Trainee: 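What follows is a structure written as structure tokens; I'll ask about it next.
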Amino acid sequence: MRLAAHENNGGIRILRRGYSFTDGIVAASGELDSGLSFIAFQKDPREQFVALQRKLGMNDALNEYIQHVGSGLFACPLGVTAPGGTWAEELLA
């Protein structure tokens, strides 16, 4: 947490949350199929998430225990911002 704290990253902030999961036993290896799904919200992934991930990738002592499996990036437009407005009109205008 210290490495990702905004105080140590020039004020860069993201809203983040990790969710643990367990999907049973992997038949081929007998190992537990479990891990952490990480969800983060930010305004500009290039300026916020990528910058933090690079710092964590170089300095996090837990890296030897991490295996990245997949990623996704999704745009979440604003909802209706004014009476009579439409969903995502600022994005689509």
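In this text the structure is predicted, and so the values were computed from the model without any measurement.
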Trainee: Checking H6 side chain against N8 main chain: does a donor-acceptor pair fall under 3.5 Å?
Mentor: no

Trainee: Please check if atom CZ in R13 has more than 12 non-hydrogen atoms from other residues, nucleotides or ligands closer than 6.0 Å.
Mentor: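 No, not enclosed.
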
Trainee: Is the shortest side-chain heavy-atom distance between D33 and T22 below 4.5 Å?
Mentor: no

Trainee: What pair of heavy atoms forms the shortest contact from A40 to I14, and how long is it?
Mentor: CB-CD1, 4.0 Å

Trainee: Please find the pair of heavy atoms, one from P45 and one from L73, that lie closest to each other, and give the distance.
Mentor: CG-CD1, 3.7 Å

Trainee: For the CZ atom of F49 and the CZ atom of F41, what is their distance to the nearest 0.5 Å?
Mentor: 12.5 Å

Trainee: Quick one: closest heavy-atom pair of A51 and E47, and the distance?
Mentor: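 What the structure gives for the nearest pair is CB-O, 3.6 Å.
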
Trainee: Flag the pair I12 / Q42 as yes when at least one side-chain heavy-atom distance between them is below 4.5 Å, and no otherwise.
Mentor: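 I12 vs Q42: side chains apart.
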
Trainee: Whether the side chain of N63 engages the backbone of G57 through a donor-acceptor N/O pair (distance < 3.5 Å, no angle test) should be reported.
Mentor: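 Checking the backbone N and O of G57 against the side chain of N63, a donor-acceptor pair under 3.5 Å is found.
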
Trainee: Provide the closest heavy-atom pair for L36 versus F21 in the form atom of the first, atom of the second, distance.
Mentor: N-CE2, 3.5 Å

Trainee: Take L52 and Q48 through the test side chain to side chain contact (heavy atoms under 4.5 Å, CB included) and record every step on the way to the result.
Mentor: CA-CA 6 Å; L52 289 176; Q48 294 166 283; 5.7 Å; no

Trainee: For F38, does the CZ atom sit with more than 12 other heavy atoms under 6.0 Å from it, leaving out its own atoms?
Mentor: yes

